[in-house]
Amino acid sequence: MNFQSIIAGFMASLFSLVSHAHTGPDSATIIFRQPVPDELVGKWLNGTFSMSNWWAYDGKEYSGKPYSRSAAFHFTKNGDAEFYLAVKNHKGNCSTEAFSYFKGAVSFNDAENSFTLTPAKGNFRVFYSCTPRQNTDRKARAEELRPTTYYWSMETDAQDKTWLVIRFSRDKNAVATYFKSTSW
């Protein structure tokens, strides 16, 4: 399985958005937009980076961090939503970079403390430094624009910073991803 397939699969399982009274990617699907709770309005970022550096074998050229990943959500009050995923990986002197983007709308289930995202559009872009003929920049296919439900909560840490906590399960003990409020 190549890196592009992994990213496409990850994105398909990670993202979905909803839009008011329009048909979805397959015209049989009706999707609805709802106002976003005030505490979720804005931009949220989760990211990782390597603490080490990658230098070319001659020690003279800096190639970058071996691995980094960032995911971000952007929610507007009226129910519009965007999702971003950027991944970079170094292997030897080669790097692979992937950027995925989805835009649509969001609906909420207050009883479950969940939101469902159904993208109306999206894009996948992959760059291979050592095999540029494999570079890709394409729109998301209809089957990649399917709804996904996330379970969310807000947590405040010891420094009084508020975090958006997202899980893929209702189980409060399930693995969680923490997103900090950000701007760009």
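Using a cut-off of 4.0 Å between Lys/Arg side-chain N and Asp/Glu carboxylate O, D80 and K103 are scored as not salt-bridged. A salt bridge links R138 to E144: at least one charged side-chain nitrogen sits closer than 4.0 Å to a carboxylate oxygen.
The local environment of NZ in K139 is sparse, with at most 12 non-hydrogen atoms from other residues, nucleotides or ligands closer than 6.0 Å.
Cluster annotation: V106 is connected to V41 through the hydrophobic network of ILVMFWY side chains, with a link wherever side-chain heavy atoms come within less than 4.5 Å.
Through direct or indirect side-chain contacts shorter than 4.5 Å among Ile, Leu, Val, Met, Phe, Trp and Tyr, F127 is connected to no other residue. Annotation for Y151: hydrophobic cluster partners, listed by chain and number, are none (ILVMFWY side-chain heavy atoms under 4.5 Å, direct or chained).
Aromatic ring orientation, F75 versus F115: perpendicular (interplanar angle above 60°, classes split at 30° and 60°). Below 30°, between 30° and 60°, or above 60°: for Y84 and Y101 the angle between ring planes is between 30° and 60°, a tilted geometry.
Annotation: side chain of V36 is in contact with side chain of F108 (closest heavy-atom distance under 4.5 Å). Residues L164 and I166 have side chains in contact (heavy-atom distance under 4.5 Å, counting atoms from C-beta outward). Considering only heavy atoms from C-beta on, W152 comes within 4.5 Å of E39 through its side chain. Side-chain contact between N123 and D137 is present, with at least one heavy-atom pair separated by less than 4.5 Å. In this structure, E97 and S129 have side chains that are not in contact, with every pair of non-hydrogen atoms separated by 4.5 Å or more. By the 4.5 Å heavy-atom criterion applied to side chains, M154 and L40 are counted as neighbours. For the pair S181 and W44, the minimum side-chain heavy-atom distance is below 4.5 Å. The shortest distance between side-chain heavy atoms of H74 and T76 falls below 4.5 Å.
Of all non-hydrogen atoms in L145 and G122, the two that sit nearest each other are CD2-N, 4.0 Å. Contact detail for K172 and S153: the closest heavy-atom pair is NZ-CB, 3.9 Å. Across all non-hydrogen atoms, the minimal contact from A176 to V165 is CB-CG1, 3.5 Å. Y178 and E155 make their closest contact through OH-OE1, 3.1 Å (heavy atoms, listed as atom of the first residue, atom of the second, distance).
R167 CZ to N113 CG: the interatomic distance, rounded to the nearest 0.5 Å, is 10.5 Å. Within the model, atoms OG of S95 and CG of N89 stand 8.5 Å from one another, a figure rounded to the nearest 0.5 Å.
Sorted by first then second residue, the salt bridge (charged side-chain N to carboxylate O under 4.0 Å, His left out) pairs that include residues 122-131, not counting sequence neighbours, number zero. The disulfide bond (SG atoms under 2.5 Å apart) analysis of residues 105-147, with sequence neighbours excluded, yields the pairs C94-C130.
Between F73 and F102, a ring centre-to-centre spacing not shorter than 6.0 Å is recorded.
Remark: K180 is not positioned above the aromatic ring of W163, lacking an NZ or CZ atom under 6.0 angstrom from the ring centre and at most 45 degrees off the axis.
When the salt bridge (Lys or Arg N to Asp or Glu O under 4.0 Å) test is applied to E112, the partners found at least two apart in sequence or on another chain are R170. Evaluation of the side chain to side chain donor-acceptor pair (under 3.5 Å) rule for T177 yields no partner, not counting sequence neighbours.
A side-chain donor-acceptor contact under 3.5 Å links S169 to the backbone of D171.
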Discussion item. Between S70 and L45, is the side chain to side chain contact (heavy atoms under 4.5 Å, CB included) condition met? List the steps.
Written reply: CA-CA 7 Å; S70 292; L45 176 68; 4.1 Å; yes

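Judged purely by distance below 3.5 Å, without hydrogens or angles, the side chains of T116 and T149 pair a donor atom with an acceptor atom.
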